[in-house]
Amino acid sequence: LVFDEAGVAPRGLISIHFDPVKSRQTVEIFTVGAARAALLQLAIDLAAERHPDWECWFGINSLDIKMRELLTQRDFEYLRSYASLEADITRAEYPELPPNSRMVQSRAESELRTVHSVQQQSFAEHFGSAPRSFDDWWQLTHTSDDFDPSGIFYLEVTDQPVGFVECGD
């Protein structure tokens with residue numbers, strides 16, 4: 001949380017996620033108005049101070065044109081966009097799976113290790129992905145308060161895992 005010069009009024013929030021596996025810092029800034037440029041510079045300085053040799057990526061809302069301009073002025077380049085999707089699935093019917101395929105709800109460690117393996121394969125050579133051990137993957141992705149352990153599934157076709165999905169909320 002960043003306050004004004006008097007230390008009274010909040011100006012915004014800087015979040016820096018440190019990923020030692022990828023040697024990357026992912027930064028998000030939450031603020032409005034004139035504080036945007038100052039907080040951006042502060043975030044860059046903090047990231048450079050903590051890990052000067054790591055990559056520094058910024059996550060911004062695609063509609064925040066001003067922040068994109070500020071980042072571009074500092075030689076950051078656009079990499080990719082994400083979409084957040086939401087749907088009412090209370091009435092959704094389970095899809096009919098092709099022959100020789102099944103969804104496996106992953107609860108046992110061996111099943112979770114299968115999900116980990118599929119996840120690692122699916123992101124290999126993708127946007128700077130770096131391999132993670134099972135324990136590192138579990139700690140990073142499955143220990144938050146909103147994690148739903150009953151929402152991990154993988155798809156098998158002819159007894160081979162081919163995909164996974166994690167559901168929550």
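Any value given below was found using the heavy atoms of this structure, including those in side chains, with hydrogens, waters and symmetry copies removed.
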Worksheet item: Taking ILVMFWY side chains as joined if any heavy atoms are under 4.5 angstrom apart, and letting links pass through other members, which residues group with Val27?
Response: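 Joined to Val27, directly or through intermediates: Val2, Ile14, Ile16, Phe18, Ile29, Leu39, Leu40, Leu42, Ile44, Leu46, Trp54, Phe58, Ile60, Met67, Leu70, Leu71, Phe76.
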
Worksheet item: Would you find a donor on one side and an acceptor on the other, under 3.5 Å apart, between the side chain of Ser15 and the backbone of Glu28?
Response: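 No.
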
Worksheet entry | Side chain Glu111, main chain Val104, donor-acceptor under 3.5 Å |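 No, because the side chain of Glu111 does not come within donor-acceptor range (under 3.5 Å) of the backbone of Val104.
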
Can you measure from [atom1] ([X]) to [atom2] ([Y]) and round to the nearest 0.5 angstrom?
X: Phe164; Y: Ser122; atom1: CZ; atom2: OG; value: 4.5 Å
X: His17; Y: Arg24; atom1: NE2; atom2: CZ; value: 9.0 Å
X: Leu112; Y: Ser110; atom1: CG; atom2: OG; value: 8.0 Å
X: His116; Y: Asp136; atom1: NE2; atom2: CG; value: 8.0 Å
X: Arg102; Y: Thr158; atom1: CZ; atom2: OG1; value: 11.5 Å

Item to complete: Indicate whether the side chain of Gln119 and that of Arg132 have a donor and an acceptor atom separated by less than 3.5 Å.
Response: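 Gln119 vs Arg132: no donor-acceptor pair found between side chains.
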
Worksheet item: Do the side chains of Arg68 and Thr72 get nearer than 4.5 Å, heavy atoms only?
Response: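 The answer is yes, as the side chains (C-beta and beyond) meet within the 4.5 Å cut-off.
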
Fill in: Check: Val118 and Leu155 side chains under 4.5 Å, non-hydrogen atoms
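No, too far: nothing below the 4.5 Å cut-off.
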
Fill in: Exceeds 12 heavy-atom contacts within 6.0 angstrom, atom CD of Gln139
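Incorrect, the count does not exceed 12.
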
Worksheet item: Aromatic rings Trp138 and Phe134: how do their planes relate, parallel, tilted or perpendicular, breaks at 30° and 60°?
Response: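 The arrangement is parallel - the two ring planes meet at less than 30°.
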
Fill in: Which residues share a side chain to side chain donor-acceptor pair (under 3.5 Å) with Ser117, sequence neighbours left out
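In terms of side chain to side chain donor-acceptor pair (under 3.5 Å), with neighbours along the sequence ignored, Ser117 is linked to Gln121.
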
